[in-house]
Amino acid sequence: MANQSPLDVYLGNDWTRHKADFWRAMADHVSQADAGQVVLVMVGLPARGKSLISGKVKRYLQWTSVKAEIFNVGKYRREGTPHPDAKFFDAGNPEGEKARRAAAEAAVADMLKWLKDPANKVAILDATNSTKSRRKWIYEKLEEARMAHCFVESKCDDEELIMANILDVKTTSPDYVGQNPEEAARDFRDRIKMYEKVYQTIDESEKHLTYVKVTNIGHQVVINRIQDYLQSRLVYFLTNLHIKPRSIWLSRHGESEYNLEGKIGGDANLSSRGFQYAKMLPELLRRSGLPKDAPLTVWTSTLKRTNQTAEGIVEEFGWEKLQWKALDELDSGTCDGMTYAEIADQYPEDFKARDDDKYNYRYRGGESYRDVVIRLEPIIMELERSENVLIITHQAIVRCIFAYFMQVDQAKSPWMEVPLHTLMKLTPRAYGVEVEKFKANISAVSTWRPKGSTAKHHEAGEADTVVGEVVANGHGNGKEEEQKNGTN
Ligand SMILES: O=P(O)(O)OC[C@H]1O[C@@](CO)(OP(=O)(O)O)[C@@H](O)[C@@H]1O
């Protein structure tokens with residue numbers, strides 16, 4: 001490919017020739033390295049973002065094909081006590097204590113049962129676990145089951161964040177269904193006070209535990225005794241999290257000459273309509289609501305069509321632009337530069353195999369969607385750390401990034417329709433990701449191919465321009481768990 005990254009230049013032709021093998025090896029290595037199991041034990045007062053963190057961890061793990069599940073003690077407690085008032089949570093209330101202990105025991109028992117299946121990798125015990133004696137009990141249970149653990153304490157002194165969590169709980173927790181919202185908020189604050197009376201942060205006396213302490217979600221992270229690969233990956237992820245308001249804008253490049261010809265891959269220039277889209281992108285961004293004070297960084301792939309699309313924006317706003325090799329389009333190996341009809345003709349078995357399992361099918365000498373997700377992991381880590389970012393990339397890459405944020409399952413994500421000349425704005429909210437779409441009024445071919453079809457890319461009609469199904473899947477960060485489970 002004409003546009004080589006510094007890494008390509010440094011490593012020379014061998015690297016360029018063997019990069020698909022490299023990503024393949026990485027993908028295989030990562031799945032092998034995931035062999036262990038671990039329990040993440042959440043610790044912290046109510047309204048400190050434990051469920052938010054649990055949801056984000058689960059979303060991240062599932063996207064990388066690591067099976068993860070959240071066990072929320074509140075859900076078990078609610079079976080016996082669906083609408084408790086604050087006094088129920090008073091440590092001096094023996095009945096409340098007994099019921100809460102029973103709920104914790106039931107959750108841990110179910111969790112250990114779930115972990116009996118070696119395919120299940122990460123269990124997240126979402127509860128306050130706010131006393132040393134409760135943590136000692138959990139630690140002993142996990143030691144007895146020979147299960148690795150990692151306590152994750154979420155501390156928070158940011159009043160705004162606490163208030164946002166209280167507001168969310170009072171409106172979404174099943175504990176307060178049908179209650180006056182003001183009364184619910186008052187009761188929830190009293191509940192927090194009950195926990196504050198007995199809360200013990202993890203300290204020196206618990207040095208034997210593996211733990212991560214996160215203050216104000218990502219502001220400060222303290223780690224202790226992190227032991228294996230999976231734990232380190234999780235710690236790295238937790239270190240990168242933040243909850244500052246921001247948006248991520250996602251767009252494919254403008255229509256390319258290859259898109260017009262129905263060819264896949266390659267490094268073609270934009271078509272004249274593609275250039276029009278590039279010109280219009282600054283206006284489209286303005287329409288979507290630009291961040292007032294915070295700057296925006298533009299990320300592109302190393303290919304010409306994404307860089308040409310970014311030119312107008314960089315010129316107009318002077319924002320920093322970064323090129324990422326990892327954002328290059330899915331490598332179609334020996335099929336690069338062919339039309340779908342040519343592939344079906346020359347490699348009929350491959351064409352069918354791809355339709356049968358598009359997520360796992362790996363092009364000869366190229367990549368699968370699974371491989372792409374592995375190489376996008378550093379991009380996701382960087383995105384979690386970053387504030388406002390505009391990503392201009394390719395069809396398969398947009399699908400994988402979108403699938404991460406919106407938890408689209410692996411069988412569906414490679415078939416999602418991502419129209420050209422459409423800007424998407426993803427805004428993480430307390431318990432989900434909001435998606436807005438802004439369509440440029442510039443026609444383009446549709447490169448979406450339904451299963452079985454070998455049709456050449458056709459002019460997009462109205463129906464093609466809706467991302468539809470995808471948006472409906474939109475909960476991201478544990479909202480579903482929280483709505484079902486509430487606090488314990
Ligand atoms: O996985 P499928 O659906 O084939 O889509 C990926 C394809 O999308 C295309 C367009 O058809 O990407 P791009 O947006 O970079 O032009 C091909 O280059 C690429 O192979």
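Whatever order the structure lists them in is the order used to number ligands and atoms, beginning at 1.
Legend: residues meeting side-chain contact (heavy atoms from CB on, under 4.5 Å) with Glu320, ordered by chain and number and at least two apart, are Thr297, Leu322. Checked against side-chain contact (heavy atoms from CB on, under 4.5 Å), Ala148 has the following partners two or more places apart in sequence or in another chain: Val38, Gln231. Applying the salt bridge (Lys or Arg N to Asp or Glu O under 4.0 Å) rule to Glu316 yields the partners Arg286; only residues at least two apart in sequence or on another chain are considered.
Near ligand 1, residues Arg252, His253, Asn259, Ile264, Gly265, Arg305, Glu329, Tyr340, Arg354, Lys358, Tyr369, His394, Gln395, Arg399, Thr447, His457 each place a heavy atom inside the 4.0 Å sphere around the ligand atoms.
Using a 4.5 Å heavy-atom cutoff, the side chains of Val122 and Leu230 are in contact.
Here Tyr404 and Phe402 keep their ring centres 6.0 angstrom or further from each other.
Because its NZ or CZ atom is both nearer than 6.0 Å to the ring centre of Trp415 and within 45° of the ring axis, Lys358 counts as a cation-pi partner of that residue.
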